[in-house]
Amino acid sequence: MTHLDTEMSQGSDFIRTIIKDDILSDKHKGKVATRFPPEPNGYLHIGHAKSICLNFGIAEEFNGATCNLRFDDTNPEKEEVEYIEAIKDDVTWLGFHWHGDIHYASDYFEDLYAYAVQLIKAGKAYVCSLSADEIREYRGTLTEPGKDSPYRNRSVEENLDLFERMRKGEFDEGSHILRAKIDMASPNINLRDPAIYRIRKAEHHRTGDAWCIYPMYDYTHCISDAMEGITHSLCTLEFEDHRPLYNWVLETLKTPCHPQQIEFSRLNLSYTLMSKRKLLQLVSEGHATGWDDPRMPTISGLRRRGYTPRSIRKFCERIGISKKESRIDVGVLEACLRDDLNENAPRVMGVLEPLKVVIENYPENQVEEMDMMNHPQKPEMGTRKLPFSKVIYIERSDFMEDPPKKFFRLGPGREVRLRSAYYITCTQVVKDPATGDILELICTYDPESRGGATPDNRKVKGTIHWVSALHAIPAEIRLYDRLFMEDNPEKGGADFRASLNPDSLTLIPKAMIEHTLAQAGPGYIVQFERQGYFCVDARDSKPDHLVFNRTVTLKDTWAKINQ
RNA sequence: UGGGGCGUCGUCAAGCGGUAAGACACAGGAUUUUGAUUCCUGCAUUCGGAGGUUCGAAUCCUCCCGCCCCAGCCA
């Protein structure tokens with residue numbers, strides 16, 4: 001059991017409360033079935049993770065419950081198989097398992113068509129031949145009722161004939177649509193004879209050219225849910241107004257099963273965006289290098305950044321489910337990550353900005369093997385040996401020529417501890433006479449302090465990390481920061497590009513890291529002590545050119561004090 | 001100004017008529033060979049506002065205020 005596991009319970013939110021009540025009242029014969037229904041028109045992001053954790057989480061928590069993965073692929077113009085594959089990978093990576101085979105709304109096209117015919121026969125749907133513009137005009141406004149389409153009272157026979165010919169491809173796109181006949185005066189605009197089928201002569205990624213009419217979301221989704229025997233159809237708030245339509249379709253069609261749609265608020269995260277359209281824009285305009293850019297809030301971006309499935313799941317658990325619109329501080333996500341990585345990431349040393357240190361009293365060609373703990377709180381994670389020699393690198397920022405009183409790292413005449421090695425004292429600062437830049441430090445070491453303690457027990461406040469110049473290996477390190485400078489990049493309708501953070505990526509072409517990392521493979525996550533958690537970039541790292549992404553920094557109270 | 005929602009700590013979020021959980025953040029302090037971790041401590045006399053019902057209200061009623069969503073042949 002870890003800190004993360006023991007933290008709490010699966011929370012109880014209003015949706016789980018409803019489900020528990022339904023189980024108690026035997027509403028669905030004790031059955032609980034959810035579904036995660038992405039449209040394959042983009043990559044999944046952390047907001048989808050919230051929905052995934054909810055739907056699949058419920059399936060895991062309730063006895064005998066299931067969760068389907070269903071692709072809502074009714075718009076062939078926007079959907080691609082590439083996205084389908086990416087979505088499957090993401091769900092799997094998060095550690096969830098869909099029930100049975102993957103479902104596709106397109107699997108139901110034939111059924112959907114038959115249901116539409118049924119609707120027409122019942123006088124509940126008609127083919128409308130108004131243009132898109134005309135339909136908009138007839139729809140009325142938010143405050144004024146709409147008016148009936150002149151085609152609203154076509155005979156069943158004519159509707160049947162027209163609809164069949166729509167399917168056969170006899171008509172151009174936009175010339176006719178099939179509409180539900182509900183109420184043009186409804187205060188709910190979704191009920192003003194909504195479109196349920198439109199003509200699209202587009203190739204579908206799964207059905208090819210078998211169809212040239214495609215069903216609309218509102219019509220498709222509820223029937224798909226019903227066909228799969230879903231009991232609780234969970235979606236986001238903006239579909240609340242669609243619920244009466246969802247119910248109308250199922251009631252009118254008298255489907256054998258009538259799932260309950262329940263809405264919850266979508267996730268917003270500070271300093272980032274959460275809409276597929278805008279994320280796509282970040283990619284297409286080159287503000288991000290791709291959907292899996294480590295700065296992206298996509299699942300694939302987070303994965304590449306070094307986020308773990310566990311940290312994302314924990315995050316989704318922590319933020320809860322409600323109907324309140326909210327924006328969660330990214331700090332919460334980072335805290336979940338740190339909780340997990342602190343527990344599980346092995347510690348290593350790496351110097352991002354090397355400053356050469358020559359230990360003048362250390363024997364010229366001597367090399368000692370120092371024992372290092374792989375995790376100070378977890379001896380079971382073992383130890384490793386690190387070579388120590390006369391010339392080492394330390395972090396440039398760990399030395400100050402004129403340090404303030406509270407700075408307890410290295411300075412002229414000051415003594416610090418090199419982690420798990422020796423105490424050193426700075427005796428000389430070597431500078432470039434022309435520029436005044438510090439070139440290297442000359443130090444002495446205390447041979448008595450091997451391992452990091454001395455017989456006299458003298459106190460050394462600072463402990464800094466180091467690598468042996470002779471043994472360290474170079475690595476490229478990418479320091480990531482938030483993509484946007486604004487908490488809400490779209491505040492007041494602003495163009496989010498105006499608040500892009502120019503420093504969201506800082507490249508360190510040649511950091512020096514301990515040799516034990518030479519074989520680190522893609523995705524391997526470590527803590528570079530005192531700096532943060534880093535992971536081997538799965539895309540660009542090569543054995544002869546290691547690339548690390550900074551996943552998240554360590555908390556740094558010193559930096560905070562310094563502000 | 002039609003319809004549908006939502007308003008509990010800086011940010012999330014429990015609470016469901018019996019006298020404000022928890023998390024993140026923040027502020028102190030202790031321990032520490034990572035200024036990390038860990039560990040203590042503090043952090044809403046008050047639940048958008050105003051009335052009312054009640055012995056008792058964040059929870060019930062009334063009115064008001066604020067915010068979000070809806071007029072795609074997108075999902």
Side-chain angles (χ1 to χ4, degrees), chain A residues 3 7-9 11-13 17 37-39 41 72 74-75 77-79 128 130-132 135-137 139-146 173-179 186-192 194-200 214 216-218 220-221 235-244 263 265 270 276-277 317-336 338 342-343 347 349 373 375-377 406-409 417-421 423 449 451-453 460-465 487 527-532 553-561:
Chain A
H3 173 62
E7 184 178 298
M8 62 171 252
S9 57
S12 193
D13 48 71
T17 301
E39 182 189 12
N41 68 342
D72 226 327
T74 57
N75 185 353
E77 291 170 332
K78 289 188 177 171
E79 298 151 5
C128 181
L130 253 23
S131 70
I135 284 181
R136 190 177 314 118
E137 283 165 29
R139 187 154 34 225
T141 69
L142 294 179
T143 52
E144 300 159 316
E173 289 187 11
S175 59
H176 306 280
I177 60 167
L178 185 69
R179 291 227 255 171
S186 172
N188 181 344
I189 289 191
N190 295 297
L191 263 20
R192 317 241 264 230
I196 60 180
Y197 262 97
R198 77 289 210 185
I199 299 170
R200 281 287 174 282
Y214 292 92
M216 302 286 290
Y217 166 83
D218 285 309
T220 307
H221 203 89
C235 63
T236 43
L237 252 29
E238 67 272 25
F239 292 103
E240 211 149 16
D241 289 340
H242 297 237
R243 194 171 58 216
E263 311 83 12
S265 56
S270 61
K276 279 195 232 174
R277 209 197 93 238
E317 203 174 292
R318 268 189 199 174
I319 60 177
I321 297 289
S322 75
K323 297 191 70 155
K324 190 168 111 185
E325 308 223 25
S326 60
R327 177 171 302 275
I328 310 258
D329 189 332
V330 265
V332 179
L333 214 209
E334 293 174 345
C336 292
R338 289 194 185 101
N342 172 53
E343 193 81 35
R347 273 56 171 170
M349 293 200 291
M373 297 268 285
H375 188 125
Q377 280 77 40
K406 299 286 284 256
F407 183 86
F408 41 83
R409 276 113 93 153
R417 170 165 41 231
L418 295 175
R419 171 121 243 222
S420 300
Y423 291 180
S449 64
V460 174
K461 261 191 265 175
T463 299
I464 65 175
H465 55 97
D487 170 279
Q527 181 198 99
F528 279 123
E529 290 205 36
R530 304 208 307 132
Q531 307 201 92
T553 61
L554 253 31
K555 279 208 267 181
D556 189 350
T557 50
W558 168 244
K560 202 183 290 172
I561 290 164

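Letters go in sequence order (proteins before strands), and every chain restarts at 1.
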Determine the contact category for [X]: base if any of its heavy atoms lies under 4.0 Å from a base atom, sugar-phosphate if only primed atoms, P, OP1 or OP2 are that close, otherwise nothing.
{"X": "A:Lys560", "answer": "sugar-phosphate"}
{"X": "A:Arg347", "answer": "base"}
{"X": "A:Phe407", "answer": "base"}
{"X": "A:Glu240", "answer": "sugar-phosphate"}
{"X": "A:Phe408", "answer": "base"}
{"X": "A:Ser326", "answer": "sugar-phosphate"}
{"X": "A:Leu142", "answer": "base"}
{"X": "A:Pro145", "answer": "nothing"}
{"X": "A:Ala453", "answer": "base"}
{"X": "A:Ser420", "answer": "base"}
{"X": "A:Asn342", "answer": "sugar-phosphate"}

If you check every side-chain atom of [X], which of [options] has the closest atom?
{"X": "A:Gln377", "options": "B:rC12, B:rC69, B:rU34", "value": "B:rU34"}
{"X": "A:Lys555", "options": "B:rU34, B:rU37, B:rC24", "value": "B:rU37"}
{"X": "A:Glu325", "options": "B:rC12, B:rC68, B:rG2", "value": "B:rC68"}

Does [X] get its side chain close enough to the base of [N], under 3.5 Å, for a donor-acceptor pair?
{"X": "A:Arg409", "N": "B:rG35", "result": "yes"}
{"X": "A:Glu343", "N": "B:rU37", "result": "no"}
{"X": "A:Asn188", "N": "B:rG4", "result": "no"}
{"X": "A:Glu334", "N": "B:rA25", "result": "no"}

Please tabulate, one pair per line, each protein N/O and nucleotide N/O from nucleotides 72-75 of chain B that are separated by under 3.5 Å, including the distance.
residue	atom	partner	partner atom	Å
B:rG72	OP2	A:Arg136	NE	3.3
B:rG72	OP2	A:Arg139	NH2	3.0
B:rC73	OP1	A:Arg139	NH2	3.4
B:rC73	OP2	A:Arg139	NH1	3.2
B:rC73	O2'	A:Arg200	NH2	2.4
B:rC73	N4	A:Leu130	O	3.0
B:rC73	N4	A:Ala132	N	3.0
B:rC73	N4	A:Gly174	O	3.0
B:rC74	OP1	A:Arg200	NH2	3.1
B:rC74	OP2	A:Arg198	NE	3.0
B:rC74	OP2	A:Arg198	NH2	3.0
B:rC74	O3'	A:Arg198	NH2	3.1
B:rC74	O2'	A:Asn75	ND2	2.8
B:rA75	OP1	A:Thr74	OG1	2.6
B:rA75	OP1	A:Arg198	NH1	3.3
B:rA75	OP1	A:Arg198	NH2	2.9
B:rA75	OP2	A:Tyr217	N	3.0
B:rA75	N6	A:His242	NE2	3.4

Taking A:Ser322's backbone N and O only, do any of them form a donor-acceptor pair with A:Ser265's side chain (distance below 3.5 Å, no angle check)?
yes
Does A:Asn41 use its side chain to pair, donor to acceptor, with the backbone of A:Lys78 at less than 3.5 Å?
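Checked: no pair found.
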Distance between [atom1] atoms of [N] and [M] (Å, rounded):
{"N": "B:rC65", "M": "B:rA57", "atom1": "P", "value": "26 Å"}
{"N": "B:rU38", "M": "B:rA44", "atom1": "P", "value": "24 Å"}
{"N": "B:rU8", "M": "B:rG66", "atom1": "C1'", "value": "16 Å"}
{"N": "B:rU11", "M": "B:rG48", "atom1": "P", "value": "13 Å"}
{"N": "B:rC26", "M": "B:rG10", "atom1": "P", "value": "15 Å"}

What is the distance, rounded to the nearest whole Å, between atom [atom1] of [X] and atom [atom2] of [N]?
{"X": "A:Glu529", "N": "B:rU32", "atom1": "CD", "atom2": "P", "answer": "17 Å"}
{"X": "A:Arg318", "N": "B:rA13", "atom1": "CZ", "atom2": "P", "answer": "15 Å"}
{"X": "A:Asp329", "N": "B:rA13", "atom1": "CG", "atom2": "P", "answer": "13 Å"}
{"X": "A:Lys323", "N": "B:rG15", "atom1": "NZ", "atom2": "P", "answer": "16 Å"}
{"X": "A:Leu554", "N": "B:rA36", "atom1": "CG", "atom2": "P", "answer": "8 Å"}
{"X": "A:Asp487", "N": "B:rU11", "atom1": "CG", "atom2": "C1'", "answer": "9 Å"}
{"X": "A:Arg327", "N": "B:rA25", "atom1": "CZ", "atom2": "C1'", "answer": "17 Å"}
{"X": "A:Asp13", "N": "B:rC16", "atom1": "CG", "atom2": "C1'", "answer": "15 Å"}

Residues A:Arg200, A:Glu77; criterion salt bridge (Lys or Arg N to Asp or Glu O under 4.0 Å); working and verdict
CA-CA 8 Å; A:Arg200 281 287 174 282; A:Glu77 291 170 332; 3.4 Å; yes
Restricting to side chain to side chain contact (heavy atoms under 4.5 Å, CB included), what partner residues turn up for A:Lys323, sequence neighbours left out?
A:Phe14, A:Leu237, A:Glu240, A:Glu263
Which residues satisfy the side chain to side chain contact (heavy atoms under 4.5 Å, CB included) test with A:Ile189, sequence neighbours excluded?
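Result, side chain to side chain contact (heavy atoms under 4.5 Å, CB included) vs A:Ile189: A:Arg139, A:Leu142, A:Arg192.
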When the ring planes of A:His242 and A:Phe239 are compared, do they come out parallel, tilted or perpendicular, using 30° and 60° as the limits?
perpendicular
Work out which heavy atom in A:Tyr217 is nearest to a heavy atom in A:Thr74; give both atom names and the distance.
N-OG1, 4.5 Å
Which residue lies more 5' along RNA chain B, comparing A:His375 with A:Ile328 via nearest heavy atoms
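Nearest-nucleotide comparison on RNA chain B picks A:Ile328.
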Nearest heavy atom decides the nucleotide; on that basis, is A:Gly140 or A:Gly331 closer to the 5' end of RNA chain B?
A:Gly331
Straight-line distance of [X] [atom1] to [Y] [atom2], nearest 0.5 Å:
{"X": "A:Arg347", "Y": "A:Asn342", "atom1": "CZ", "atom2": "CG", "result": "5.0 Å"}
{"X": "A:Glu343", "Y": "A:His375", "atom1": "CD", "atom2": "NE2", "result": "6.5 Å"}
{"X": "A:Ile135", "Y": "A:Arg179", "atom1": "CD1", "atom2": "CZ", "result": "4.5 Å"}

Is there a side-chain contact between A:Ser175 and A:Ile199, using heavy atoms and a 4.5 Å cut-off?
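Yes, side chains in contact.
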Taking only the side-chain nitrogens and oxygens of [X], find out if one of them lies under 4.0 Å from OP1 or OP2 of [N].
{"X": "A:Thr557", "N": "B:rA36", "result": "yes"}
{"X": "A:Lys461", "N": "B:rG35", "result": "no"}
{"X": "A:Thr143", "N": "B:rU1", "result": "no"}

Both distances below 3.5 Å, Watson-Crick or wobble geometry, any strand: find the nucleotide opposite B:rC24.
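With both distances under 3.5 Å, B:rC24 matches B:rG10.
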Using purine N1 to pyrimidine N3 plus N6-O4 or O6-N4 for Watson-Crick, or N1-O2 and O6-N3 for G-U wobble, each under 3.5 Å, what pairs with B:rC73?
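By the stated definition (distances under 3.5 Å), nothing pairs with B:rC73.
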Specify the glycosidic conformation (syn or anti) of B:rG22, with syn defined as within 90° of 0.
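Here B:rG22 takes the anti form, which means its glycosidic angle is more than 90° from 0.
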